[in-house]
Amino acid sequence: MSRAYAAGGAGRLAVSGLFFCNGVLVGSWAPKLPVLMQRLGIGEAVAGLLVLALGLGSLVVMPLVGAMVARRGSDAALRLMAVLACLPLLLVTLAPGLWTVAVAVFLFGGMLGGMDVAMNANAVAVERARRRAIMSSCHGFWSLGAMAGAGLGGMLMAGLGETRHGLMVTLLVGLAVAWLLPRLLHDRPSAAERGQKLRLPRSPMPYVIGTVALCCMIPEGAVLDWAAVYLKRELGASLSLAGWGFAACSGTMAVMRFLGDGLRRRLGAVRTLRLSAMAAIAGLGLAGMAGSAGWAIAGFGLAGLGIANMVPIAFSAAGNLPGMARGVGLSVVTMMGYSGMLFAPGSIGFLAEHVSLASIYAGLAVLLLVPLSLSHLVAAADFEARE
């Protein structure tokens, strides 16, 4: 067993754990927002601005971390961002007024977004060291962390209060980060990469792959925010049943992400993306044309199977683009992809005032024809064949 492979094994454990920690922090935000609304005495409109601050923080910090990855390597960037990401949730919890909460939320989004870029770049480095795909399973660990953070967060806040919840999550994530960081794979850019000027890429490839990520993440955000509304208002589902739309999608996504690396090794990134896109198109089409809540939930579950591995493949392709510093290409694709999750739900809410959500989900199935048609461009994710 080579030294690089052995180091990659410890590195895989470390980066997978950090994906889980990031997911826990993101998931902890979900039950935090209604508590903040009650504590600050604000309504949905102001709460929406806080959510916007979260997204803006991510978009500001992501390119800065991408530049740091290009100059100093992914592990240096990830060490810094993982430590910094532990703190803002507690700042949000302890902030006394609306403006201080808004600043803390901006920092929270920035640190989590920066950590996201760094840990995806480090996952690419581990893939190259081990010559095996791991990106999908890393995102699977993120999904598990997000489910744990959201599911347990509400229970902890109800039982212990907001402050104790913030302290407990910060302490546990901080301890996990302290244990994981020494095990990170060291990833230093080459002299040629360090010598490159840090600017927006002139090559169209990062932007094209970013478009793939964007088109894949818009449907994920649409299911997260609007599936329950669709099931309840347009298909007459009960409140208890309505939540199963997103549950079905997130559950199948988590399972398929743990299976996705093996699938990608067998079929290749291009073919896996095509099959995933077709499954997602079929699922969203079924959900949009469903005549009952049961069929719509089945459609969302099928869509989750397809969506699961599309973004990880796009990220792997971005991190392995030839002739480009890894952090720069990856930060462009990450920003473009996550902007779909951040800004699409509001746009869908506006559209839903004029057309049905059923039509919107059918339209999102059509949107996924874009990544299907561009699937041949993610061949860079198949780094094993080139090394």
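Here the structure is a predicted model, which is why all the values come from computation and not from measurement.
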Using side-chain heavy atoms (C-beta onward) and a distance below 4.5 Å, is [X] in contact with [Y]?
{"X": "Leu167", "Y": "Leu171", "result": "no"}
{"X": "Val65", "Y": "Met81", "result": "yes"}
{"X": "Phe315", "Y": "Val333", "result": "yes"}
{"X": "Leu235", "Y": "Trp295", "result": "no"}
{"X": "Leu18", "Y": "Met115", "result": "yes"}
{"X": "Met310", "Y": "Cys215", "result": "no"}
{"X": "Met336", "Y": "Pro206", "result": "no"}
{"X": "Leu369", "Y": "Ile281", "result": "yes"}

- Message: Any carboxylate oxygen within less than 4.0 angstrom of a Lys/Arg side-chain nitrogen, looking at Asp75 and Arg79?
- Response: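 Looking at Arg79 together with Asp75, the answer is yes, because their closest N to O distance falls below 4.0 Å.
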Under a single-linkage definition using a 4.5 Å side-chain heavy-atom cutoff for Ile, Leu, Val, Met, Phe, Trp and Tyr, are [X] and [Y] assigned to the same hydrophobic cluster?
{"X": "Val35", "Y": "Leu156", "result": "no"}
{"X": "Ile307", "Y": "Val255", "result": "no"}
{"X": "Met135", "Y": "Leu377", "result": "yes"}
{"X": "Val69", "Y": "Leu80", "result": "yes"}

- Message: Show the nearest heavy-atom pair for residues Ala314 and Val212, with the distance to one decimal.
- Response: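 Heavy atoms only, the tightest pair is CB-CG1, 4.5 Å.
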- Query: Should we count CZ of Arg271 as having more than 12 external heavy atoms under 6.0 Å?
  - Reply: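 Atom CZ in Arg271 is not packed in, count stays at 12 or less.
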Do [X] side-chain atoms and [Y] backbone N/O form a donor-acceptor pair below 3.5 Å?
{"X": "Glu234", "Y": "Leu357", "value": "yes"}
{"X": "Ser137", "Y": "Ile134", "value": "yes"}
{"X": "Asp116", "Y": "Leu112", "value": "no"}

- Query: Once you round to the nearest 0.5 Å, how far does SG of Cys21 lie from CH2 of Trp142?
  - Reply: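 So the SG of Cys21 and the CH2 of Trp142 are separated by 13.0 Å.
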- Query: CG of Leu94 to OG1 of Thr100: how many Å apart, nearest 0.5 Å?
  - Reply: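 Rounded to the nearest 0.5 Å, the CG-OG1 separation comes to 10.0 Å.
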- Geometric class of the Tyr361/Tyr230 ring pair [parallel <30°, tilted 30-60°, perpendicular >60°]: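 Answer is tilted, since the angle falls between 30° and 60°.
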- Message: side-chain contact (heavy atoms from CB on, under 4.5 Å) for Leu25 and Met111? Distances and angles first, verdict last.
- Response: CA-CA 11 Å; Leu25 291 169; Met111 298 308 102; over 6 Å; no
- Message: Could you tell me if Asn309 and His139 have a donor-acceptor pair between their side chains, going purely by distance under 3.5 Å?
- Response: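 Result is no, nothing qualifies.
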- Message: Testing the 3.5 Å rule here: is there a donor-acceptor pair between the side chains of Arg264 and Thr272?
- Response: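 Checked: Arg264/Thr272 side chains show no N/O donor-acceptor pair below 3.5 Å.
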- Could you walk me through whether Val124 and Ser74 pass the side-chain contact (heavy atoms from CB on, under 4.5 Å) test, one step at a time? CA-CA 9 Å; Val124 170; Ser74 64; over 6 Å; no
- Task: Would you please test Met256 and Leu305 for side-chain contact (heavy atoms from CB on, under 4.5 Å) and show each step?
- Result: CA-CA 6 Å; Met256 184 50 70; Leu305 289 175; 3.8 Å; yes
- Message: For a side-chain contact (heavy atoms from CB on, under 4.5 Å) check, start with the C-alpha distance between Thr93 and Val169, then their side-chain angles and the critical distance, and finish with the verdict.
- Response: CA-CA 11 Å; Thr93 301; Val169 172; over 6 Å; no
